[in-house]
Chemist: 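First, the structure itself, so that you have it in front of you.
All values derive from a computational prediction rather than experimental measurement. We number each residue from 1, following the sequence as shown.
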Amino acid sequence: MARIETPRPIRGTQDIFGEDQRRFHRVVEAFDHVRRLYCFQRVELPVFEATAVFSRSLGETTDVVSKEMYTFEDRGGDSLTLRPEFTAGIARAYLTEGWQQYAPLKVVSHGPVFRYERPQKGRYRQFHQIDAEVIGAAEPLADVELLVMADQLLRELGIEGVALQLNTLGDAETRDAWRAALVAHFEAHRGELSEDSLARLAKNPLRILDSKDPRDRPIADAAPGIDDFLTSEAGAFFESVTKGLDAAGVAWTRNARLVRGLDYYRHTAFEFVTDRLGAQGTVLAGGRYDGLIESLGGPSTPGVGWAAGIERLAMLLGEVAVTSVDVVIALEDDSALDKAHLVLKRLRDSGLAADMVATGAPRKRYDKAVKLSPKVLIAFQPGSPPVFRSVGFEDWRERARSVLVDAGII
């Protein structure tokens, strides 16, 4: 008979187990704890949307839309896309589900996202993000709250060596004037730019500023800065954000070259960066997107948010302790199996994490149970009542014993 070949996992995906799973869960657990402290509601969203949700919100010229999206036609002939990020889907839901009535809406979500790119350390084709958004709040207070929330999450996780880089993209008037000056500057150096930057010059000139191509760096570094074009209103907005961070004790540094390429981005742009992950040092990033809702056909609606990769945050964690078992039953007497089932059920009903070793040679089960390192070990031995053993957890032993007494087992 021919050997059946086991299918291999798809390149860029991962099976998360053991230590990796404990780190992953720690990030999600901390995120849920912090979002409750800040009174953000949790939302669940579809994993796929109409392709237009992402192409219109992210921009046709971005790498995500042009190169990285998983787009397919379903059996009804509709073009669908696996979500490459959360913000666009949340914005779509805000419009289609009538969530405007809750504005300002403070929501979070987390789950898998999909991008077709070269897999590398901490970067997968199916990966996971946590996401936080405030929609319907035009005040800099919303930006401050999200930044302080992100800072608290990193501290909750015990992640050190991460720095907040902050910039302003100004208001529409600021951005239009700056964009015109950048186009003039880059046009004057057209013959020296890389092919990618030449393509961006017509549609997305701000993106040339963060080009990694060595040919572009001297030109980008010499480009006009945004501060020369800031309106008084835009300057006051940025000052309110920085003062709020200072008042909350959140350290930050100005990165005047930190940009977002799409026209609907306004005012605050930020990244939390580290040098512990190599060249891909951003662990959490976001900004204000006051024109996004309009790009999806809605009214002018302010918004600000951030996202972070769960895997990348998990890589920065210290060792995560293995969750210990409270009680383990070593069934050394098979005739007591029914009684052991009842004990196991009652222990779990009382809130104790309990397990049972009831397979293999009865004389070896006790040793197997010891290796699980429980706080309390209950041995069912032939012809004897249950025996309780614990080292340093006498209060847990008494708690387990009381469960059995209440159940009439002893």
Side-chain angles (χ1 to χ4, degrees), residues 6 8-9 13-34 36 110 121-122 124 128 153 155-160 276 310-410:
T6 302
R8 303 297 302 163
T13 63
Q14 53 183 327
D15 302 303
I16 305 173
F17 180 71
E19 174 66 14
D20 291 337
Q21 191 280 330
R22 289 192 291 273
R23 289 170 176 269
F24 187 101
H25 178 69
R26 175 68 188 119
V27 173
V28 173
E29 181 183 55
F31 179 58
D32 192 59
H33 171 67
V34 171
R36 285 186 277 109
H110 70 76
K121 183 179 180 181
Y124 304 90
H128 301 79
L153 172 64
R155 288 188 289 107
E156 181 83 14
L157 290 169
I159 296 176
E160 299 178 347
R276 294 170 56 191
I310 295 178
E311 288 87 349
R312 294 175 71 74
L313 289 173
M315 290 168 64
L316 296 171
L317 297 184
E319 185 176 350
V320 179
V322 178
T323 302
S324 63
V325 182
D326 297 331
V327 184
V328 171
I329 296 171
L331 186 68
E332 299 178 277
D333 182 358
D334 285 342
S335 66
L337 180 59
D338 289 344
K339 184 183 293 186
H341 277 309
L342 175 60
V343 170
L344 196 61
K345 178 67 164 56
R346 292 298 179 90
L347 289 169
R348 290 167 173 168
D349 285 346
S350 71
L352 294 169
D355 207 347
M356 179 166 66
V357 178
T359 58
R363 58 188 176 83
K364 295 183 178 180
R365 294 174 189 173
Y366 183 88
D367 291 338
K368 289 182 179 180
V370 170
K371 290 179 180 178
L372 296 176
S373 302
K375 297 182 179 72
V376 180
L377 195 156
I378 304 175
F380 280 76
Q381 299 173 335
S384 303
V387 176
F388 291 76
R389 292 190 173 89
S390 65
V391 178
F393 293 99
E394 282 71 19
D395 53 337
W396 288 81
R397 180 178 61 191
E398 292 309 310
R399 182 178 172 186
R401 183 187 295 276
S402 66
V403 171
L404 271 67
V405 170
D406 290 344
I409 304 298
I410 56 175

Chemist: Does the pair Phe31 and Leu157 meet the rule for a side-chain contact (heavy atoms from CB on, under 4.5 Å), with working shown?
Modeler: CA-CA 9 Å; Phe31 179 58; Leu157 290 169; over 6 Å; no
Chemist: Identify the heavy atoms of Gly360 and Lys368 that sit nearest to each other, and give their distance.
Modeler: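 Minimum heavy-atom contact is CA-NZ, 4.2 Å.
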Chemist: Kindly indicate, with the supporting measurements, whether the criterion side-chain contact (heavy atoms from CB on, under 4.5 Å) is fulfilled by Glu156 and Arg26.
Modeler: CA-CA 10 Å; Glu156 181 83 14; Arg26 175 68 188 119; 4.1 Å; yes
Chemist: Can you list every side chain to side chain donor-acceptor pair (under 3.5 Å) pair that touches residues 373-393, not counting sequence neighbours?
Modeler: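 Passing the test, one end in residues 373-393: Ser324-Lys375, Asp326-Lys375.
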Chemist: Just how far is it from atom CD1 of Ile16 to atom NE2 of His25, taken to the nearest 0.5 Å?
Modeler: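 Separation between the atoms: 13.0 Å.
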Chemist: What residues, two or more places apart in sequence or in another chain, satisfy side-chain contact (heavy atoms from CB on, under 4.5 Å) together with Asp32?
Modeler: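 side-chain contact (heavy atoms from CB on, under 4.5 Å) list for Asp32, sorted by chain: Arg35, Arg36.
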Chemist: So do the side chains of Val343 and Phe380 get within less than 4.5 Å of each other, counting heavy atoms only?
Modeler: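 Side-chain contact under 4.5 Å: yes.
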Chemist: Under the side chain to side chain donor-acceptor pair (under 3.5 Å) test, which residues partner Asp20, sequence neighbours left out?
Modeler: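 Expected list: none.
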Chemist: Once rounded to the nearest 0.5 Å, what's the spacing between atom CD1 of Ile159 and atom CE of Met315?
Modeler: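 The CD1 atom of Ile159 sits 11.0 Å away from the CE atom of Met315.
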Chemist: Identify, with sequence neighbours excluded, every residue that meets side-chain contact (heavy atoms from CB on, under 4.5 Å) alongside Arg23.
Modeler: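 For Arg23, the residues satisfying side-chain contact (heavy atoms from CB on, under 4.5 Å) (neighbours in sequence not counted) are Glu19, Ala314, Leu317, Val320.
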Chemist: Minimum heavy-atom separation for Arg346 to Ala407, with atom names?
Modeler: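 Scanning both residues, the minimum pair turns out to be NH1-CB, 3.2 Å.
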Chemist: Could you give the distance from CG (Leu347) to CG (Asp355), rounded to the nearest 0.5 Å?
Modeler: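 Atom-to-atom, Leu347:CG and Asp355:CG are 11.0 Å apart.
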Chemist: Check whether any side-chain N or O of Arg348 sits under 3.5 Å from a backbone N or O of Ala354 as a donor-acceptor pair, and report yes or no.
Modeler: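 Yes, Arg348 side chain to Ala354 backbone: donor-acceptor pair under 3.5 Å.
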Chemist: Holding to side chain to side chain donor-acceptor pair (under 3.5 Å), I want the full list of residues that pass it with Thr359, two or more places apart in sequence or in another chain.
Modeler: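 Scan of Thr359 (side chain to side chain donor-acceptor pair (under 3.5 Å), adjacent residues dropped) gives none.
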Chemist: Could you tell me whether the side chain of Arg365 and the main chain of Ala330 form a donor-acceptor pair under 3.5 Å?
Modeler: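 Side chain of Arg365 to backbone of Ala330: no pair is present.
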Chemist: Using modelled atom types only, decide if a donor and an acceptor are shared between the side chain of Glu311 and the backbone of His128 within a distance under 3.5 Å.
Modeler: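 Yes: the side chain of Glu311 pairs with the backbone of His128.
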Chemist: Locate the shortest heavy-atom distance separating Asp334 from Pro362; write the atom from each residue and the value.
Modeler: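 Taking Asp334 first and Pro362 second, the nearest heavy atoms are OD2-CG, 4.4 Å.
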Chemist: Does atom CG of Asp406 have more than 12 heavy-atom neighbours from other groups under 6.0 Å away?
Modeler: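 Yes, CG of Asp406 has more than 12 neighbouring heavy atoms, counting only those of other groups under 6.0 Å.
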Chemist: Looking only at atom types and distance, does a side-chain atom of Arg276 sit under 3.5 Å from a main-chain N or O of Glu160, one as donor and one as acceptor?
Modeler: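 Checking the backbone N and O of Glu160 against the side chain of Arg276, a donor-acceptor pair under 3.5 Å is found.
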Chemist: One pair to check against salt bridge (Lys or Arg N to Asp or Glu O under 4.0 Å): Asp349 and Lys345. What are the steps and the verdict?
Modeler: CA-CA 6 Å; Asp349 285 346; Lys345 178 67 164 56; 2.9 Å; yes
Chemist: Looking only at heavy atoms, which two atoms of Arg399 and Ser350 are closest? And how far apart?
Modeler: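 Nearest pair, atom of Arg399 first, then Ser350: NH2-O, 3.5 Å.
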Chemist: Could you tell me if Arg401 sits above the aromatic ring of Phe388, with its cationic atom closer than 6.0 Å to the ring centre and no more than 45 degrees from the axis?
Modeler: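 Yes - Arg401 lies over the ring of Phe388, closer than 6.0 Å to its centre and within 45° of its axis.
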Chemist: Test side-chain contact (heavy atoms from CB on, under 4.5 Å) on Leu337 and Met356 and set out the steps.
Modeler: CA-CA 10 Å; Leu337 180 59; Met356 179 166 66; 4.2 Å; yes
Chemist: Who passes side-chain contact (heavy atoms from CB on, under 4.5 Å) against Leu372, sequence neighbours left out?
Modeler: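 In terms of side-chain contact (heavy atoms from CB on, under 4.5 Å), with neighbours along the sequence ignored, Leu372 is linked to Val328, Val357, Pro374.
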Chemist: Return the minimal non-hydrogen interatomic distance between Val376 and Phe393, and the atom names on each side.
Modeler: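 So the minimum-distance heavy-atom pair works out to CG2-O, 4.4 Å.
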Chemist: At their closest point, which heavy atom of Ala340 faces which heavy atom of Leu331, and how far apart are they?
Modeler: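 Residues Ala340 and Leu331, closest heavy atoms: CB-CD1, 3.8 Å.
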